[in-house]
Number of protein chains: 2
Amino acid sequence: MGVTKSEIFTQEQNNLAKIAKVLGHPARIAILQHLFKINSCVCGDLVEVIGLAQPTISQHLKELKNLNLIKGNIEGTSVCYCIDQENWKEIRILLNNFLNFNSNSSNCC
Amino acid sequence: MGVTKSEIFTQEQNNLAKIAKVLGHPARIAILQHLFKINSCVCGDLVEVIGLAQPTISQHLKELKNLNLIKGNIEGTSVCYCIDQENWKEIRILLNNFLNFNSNSSNCC
DNA sequence: TTATTATATTGCAATATTACGATTAATAAT
DNA sequence: ATTATTAATCGTAATATTGCAATATAATAA
């Protein structure tokens, strides 16, 4: 059906999956890495940096914004994007909690 | 087109995205959480635990196996699944590196 | 051999995603 | 006012994903 059955999962599971899903595209990873690297706002040059068409980048930015991974501020004709630091902290905690669940390595296989 | 342009991204970006993509479904998160929780193999009861049809679970398990997040060992008529500890360590490092890229919080927006 | 049990594969319908050309909206420059 | 410039939105084609029924496969049990 192409539609995920979110009802049968916990909030946390749906949340984790949603965040991971947004990170599940190299263009969005590249955008985030660029924002981290320059450590400030980016106004406009993302299309050149990434190498996809402008509407495509705009779409990816929208998805990142929807989950509050980034923020956008209008600055004249252009828009400045940067990491949403507060939310990013929470996301990092959420993902780290999952990643470090323990791994007692009591492997039986 | 529905097809990702991986050629224009770095190996690391594609790698990160691939892993995140697999984590981007609540059923697969739930499977991993269950494997972590019981901290050993699971033989068979995943279908009941998760609550999706058997072919659907089998498909999700396949995707997790393809990226070496889990291992499967045949045990008589059933198959036992567990976290692939070695690979999991690498994945954790890869994701942690990305998540903790710095966040100097020199927010300009 | 013939069930039985457990998992994988196939095929398919419904929906989602990716990418981009064309267009639009909003401001800036002339 | 007219003309850039910048980014969002719309529309659409190609492809991917999700979920399951039906079926296949593989190993053991009767």
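Proteins come first, then strands; the chains are lettered A, B, ... in the order of their sequence lines, and each starts at number 1. FYI, side chains are in, hydrogens and waters are out, and symmetry mates aren't considered; it's all heavy atoms of this structure. Everything quoted here is computed from the prediction, not taken from an experiment.
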Roughly how far, to the nearest 0.5 Å, is [atom2] of [Y] from [atom1] of [X]?
{"X": "A:Leu67", "Y": "A:Ile19", "atom1": "CG", "atom2": "CD1", "value": "6.5 Å"}
{"X": "A:His34", "Y": "A:Asp45", "atom1": "NE2", "atom2": "CG", "value": "4.5 Å"}
{"X": "A:Leu46", "Y": "A:Ile57", "atom1": "CG", "atom2": "CD1", "value": "6.5 Å"}

Does the side chain of [X] get closer than 4.0 angstrom to OP1 or OP2 of [N] through an N or O atom?
{"X": "A:Tyr81", "N": "D:dA8", "result": "yes"}
{"X": "A:His60", "N": "C:dT17", "result": "no"}
{"X": "B:Lys21", "N": "D:dT17", "result": "yes"}
{"X": "A:Lys5", "N": "D:dC20", "result": "yes"}

Using side-chain heavy atoms (C-beta onward) and a distance below 4.5 Å, is [X] in contact with [Y]?
{"X": "A:Asn96", "Y": "B:Asn100", "answer": "yes"}
{"X": "B:Leu95", "Y": "A:Leu95", "answer": "no"}
{"X": "A:Trp88", "Y": "B:Leu99", "answer": "yes"}
{"X": "A:Ile70", "Y": "A:Asp84", "answer": "no"}
{"X": "B:Gln33", "Y": "A:Glu12", "answer": "yes"}

Atom-pair distance ([atom1] on [X]; [atom2] on [N]), nearest Å:
{"X": "A:Leu52", "N": "D:dA7", "atom1": "CG", "atom2": "C1'", "answer": "16 Å"}
{"X": "B:Arg28", "N": "D:dG19", "atom1": "CZ", "atom2": "C1'", "answer": "12 Å"}
{"X": "B:Gln59", "N": "D:dT17", "atom1": "CD", "atom2": "C1'", "answer": "8 Å"}
{"X": "A:Ile50", "N": "C:dA19", "atom1": "CD1", "atom2": "C1'", "answer": "15 Å"}
{"X": "B:Leu64", "N": "D:dT17", "atom1": "CG", "atom2": "P", "answer": "14 Å"}
{"X": "B:Leu61", "N": "D:dT17", "atom1": "CG", "atom2": "C1'", "answer": "16 Å"}
{"X": "A:Phe9", "N": "D:dG19", "atom1": "CZ", "atom2": "C1'", "answer": "11 Å"}
{"X": "A:Lys18", "N": "D:dT17", "atom1": "NZ", "atom2": "C1'", "answer": "18 Å"}

Choose from [options] the nucleotide whose nearest atom is closest to any side-chain atom of [X].
{"X": "A:Val79", "options": "D:dA7, D:dC10, D:dA16", "value": "D:dA7"}
{"X": "B:Val3", "options": "C:dT18, D:dT18, D:dA16", "value": "D:dA16"}
{"X": "B:Pro55", "options": "D:dT9, D:dT18, D:dC20", "value": "D:dC20"}

Practice item. Could you check B:Ser6 against A:Thr4 and say which one's nearest nucleotide on DNA chain C is further toward the 5' end? Key: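 Its nearest nucleotide lies further toward 5', so the answer is A:Thr4.
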
List, with names and distances, any nitrogen or oxygen atoms from the protein found under 3.5 Å away from nitrogen or oxygen atoms belonging to nucleotides 24-30 of chain D.
none

Review point. Does the base of D:dA8 carry an N or O that pairs as donor and acceptor with the side chain of A:Gln54 under 3.5 Å?
Key: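 Check passes, donor-acceptor contact within cut-off.
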
By the 4.0 Å heavy-atom rule, please label [X] as base, sugar-phosphate, or nothing.
{"X": "B:Ser78", "value": "sugar-phosphate"}
{"X": "B:Thr56", "value": "base"}
{"X": "B:Ile57", "value": "nothing"}

